[in-house]
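Small disclaimer: the values here were computed from a predicted structure and weren't measured.
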Amino acid sequence: MGSTIPGFDYQRITVADGVSINVAVGGSGAPIVLLHGFPETHFQWRHVAADLAADYTVICPDLRGYGDSDKPAEEGPDTYSKRTMANDIVTVAKALGHDRFALAGHDRGALVAFRAGLDHPEVITHLACLDVLPTLDMWEVLHGTNAAVGFHLYLMAQPPGLPEQMIAASSDAFFGYFLDIWANNPEAIPADVRAIYLDACRNAVPSIVADYRASAGIDVEHDKIDRAAGTKLAMPVSVLQQDWGAALGFEASALWSTWAADLRHSTVSCGHFMAEEAPADIAKALRDLLAR
């Protein structure tokens, strides 16, 4: 099995000096960009993208540092800040002829989408964020023993060196662990697809760590500035999450409502990998969002 979405065309788009983004494009109509999460690539959207391409132009990039996109060395906090990564996506869409577009992200991609919505309200027409909290809120709700579920966040927040070394020494076990424990339906990520993701992550350890490190530093600072200014997402927003239950001690919809005036928050009966575990539900939710 290849790692390309059937029926989609592929190209590389330069977004900065020495940084080009791998992009899959399919369908026709109003544009929607789909951003993948960890530890995956754009290929996670294969089912949803095929559905939406019947009516929309669907754009599926690999985030910088992931998949077949370039992986620049971490020269400072900006290299993998969500602001930089959001700028990448706006640049990609513009290069494809779209000055305005809808944007949906899962996991890490949802954090990039969130930042794009705040930084580029004139560009993002609709926004969907799947199974994540805004970075600032995430760090504020993680505490005590409940924070153990996010051990990888703390590991990759450490200064350069140790986390990269530890993860690279056993990368398949590390990344495979999350593919296993976060999926309610393991069959949604069959062995050949799992191999695609593990291979992609194996070749991207420094950049993946840098992405997470930014979320423990500069991304928090950017969120704090927007919260203090009262900045809100100006477009219709849909937030989809799995049933996290009460164990973590917070109400996700209440946290999201502080950021979005036009918010629809709903729970999907699946694990973390929504686009693969419940693609029909996700495609319908995105269609509903685009109709708002």
Side-chain angles (χ1 to χ4, degrees), residues 35 37-39 63 74 76-86 103-121 124 127-160 163 177-178 181-182 208-235 237-268 271-274:
L35 303 180
F38 164 93
L63 297 170
E74 181 186 12
D78 285 320
T79 307
Y80 286 93
S81 74
K82 302 307 137 329
R83 172 160 289 160
T84 296
M85 296 169 83
L103 181 59
H106 170 247
D107 188 83
R108 308 303 295 170
L111 301 181
V112 176
F114 173 75
R115 176 45 55 191
L118 291 174
D119 285 0
H120 304 278
I124 310 304
L127 180 68
C129 292
L130 278 59
D131 215 39
V132 79
L133 291 176
T135 301
L136 177 57
D137 296 285
M138 176 193 70
W139 286 114
E140 290 181 345
V141 301
L142 287 175
H143 55 81
T145 55
N146 286 340
V149 300
F151 79 93
H152 60 299
L153 303 174
Y154 295 91
L155 171 61
M156 291 190 276
Q158 303 309 310
Y177 174 79
F178 300 103
I181 67 165
W182 288 349
I208 291 174
V209 174
D211 165 34
Y212 274 85
R213 186 178 290 120
S215 283
I218 193 169
D219 295 342
V220 172
E221 296 309 311
H222 290 159
D223 282 6
K224 284 181 177 178
I225 290 168
D226 280 322
R227 177 188 279 178
T231 306
K232 288 183 179 286
L233 296 163
M235 65 293 299
V237 177
S238 288
V239 172
L240 308 172
Q241 68 169 75
Q242 61 178 312
D243 185 2
W244 292 342
L248 295 181
F250 61 85
E251 177 53 56
S253 60
L255 297 175
W256 271 103
S257 67
T258 66
W259 291 102
D262 184 1
L263 171 70
R264 292 186 187 174
H265 186 280
S266 57
T267 301
V268 183
H272 178 62
F273 302 110
M274 295 180 166

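From S257, atom OG reaches atom NZ of K232 across 7.0 Å, with rounding to the nearest 0.5 Å.
Using a 4.0 Å cut-off between charged nitrogen and carboxylate oxygen, D223 and R115 count as a salt-bridge pair. Of the charged side-chain nitrogens involved, none lies within less than 4.0 Å of a carboxylate oxygen, so that D119 and K82 do not count as a salt-bridged pair.
Listed for the R83 side chain is no donor-acceptor partner under 3.5 Å among the backbone atoms of D78. Judged by distance alone, with hydrogens and angles left aside, the side-chain atoms of R213 form no donor-acceptor pair with the main-chain N or O of I208 at under 3.5 Å. Between the K224 side chain and the L136 main chain, no donor and acceptor come within less than 3.5 Å of each other. Within the 3.5 Å criterion, the main-chain N or O of P134 finds no donor-acceptor partner in the side chain of W256.
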Decide yes or no on side chain to side chain contact (heavy atoms under 4.5 Å, CB included) for W259 and D137, but give the supporting numbers first.
CA-CA 10 Å; W259 291 102; D137 296 285; 2.7 Å; yes
L153 vs L142, test: side chain to side chain contact (heavy atoms under 4.5 Å, CB included). Steps then yes/no.
CA-CA 10 Å; L153 303 174; L142 287 175; 3.5 Å; yes
Derivation and outcome, side-chain hydrogen bond (donor to acceptor under 3.5 Å, both in side chains), residues H106 and D131
CA-CA 7 Å; H106 170 247; D131 215 39; 5.2 Å; no
Test T258 against R227 for side-chain hydrogen bond (donor to acceptor under 3.5 Å, both in side chains), laying out the working first.
CA-CA 9 Å; T258 66; R227 177 188 279 178; 5.8 Å; no
For the pair H265 and V237, evaluate side chain to side chain contact (heavy atoms under 4.5 Å, CB included) and give the outcome as yes or no after the intermediate values.
CA-CA 8 Å; H265 186 280; V237 177; over 6 Å; no
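Shortest non-hydrogen contact noted between D219 and S215 is OD2-OG, 2.9 Å. Residues P160 and E74 share a closest heavy-atom pair of CG-OE1, 4.2 Å. For the residue pair L133 and A252, the shortest heavy atom distance occurs at CD2-CB, 4.0 Å. L103 approaches A116 most closely through the heavy-atom pair CD2-CB, 3.7 Å. Here the closest heavy-atom approach between residue A210 and residue Y80 is recorded as CB-CD1, 3.5 Å. In terms of heavy-atom proximity, V220 sits nearest to A216 at CG2-C, 4.3 Å.
Using a 4.5 Å heavy-atom cutoff, the side chains of D107 and F273 are not in contact. Residues L127 and L233 form a side-chain contact, since some pair of their non-hydrogen atoms from C-beta on lies under 4.5 Å apart. Residues C129 and Q241 form no side-chain contact, since every pair of their non-hydrogen atoms from C-beta on lies 4.5 Å or further apart. Residues V132 and L111 form a side-chain contact, since some pair of their non-hydrogen atoms from C-beta on lies under 4.5 Å apart. Counting only heavy atoms from C-beta outward, the side chains of H222 and T135 never approach each other to under 4.5 Å.
Under the 6.0 Å cut-off for aromatic ring centres, F38 and Y212 qualify, their centroids lying closer than that.
Counted within 6.0 Å of OH on Y177, heavy atoms from surrounding residues, nucleotides or ligands total 12 or fewer; the atom is thus considered open.
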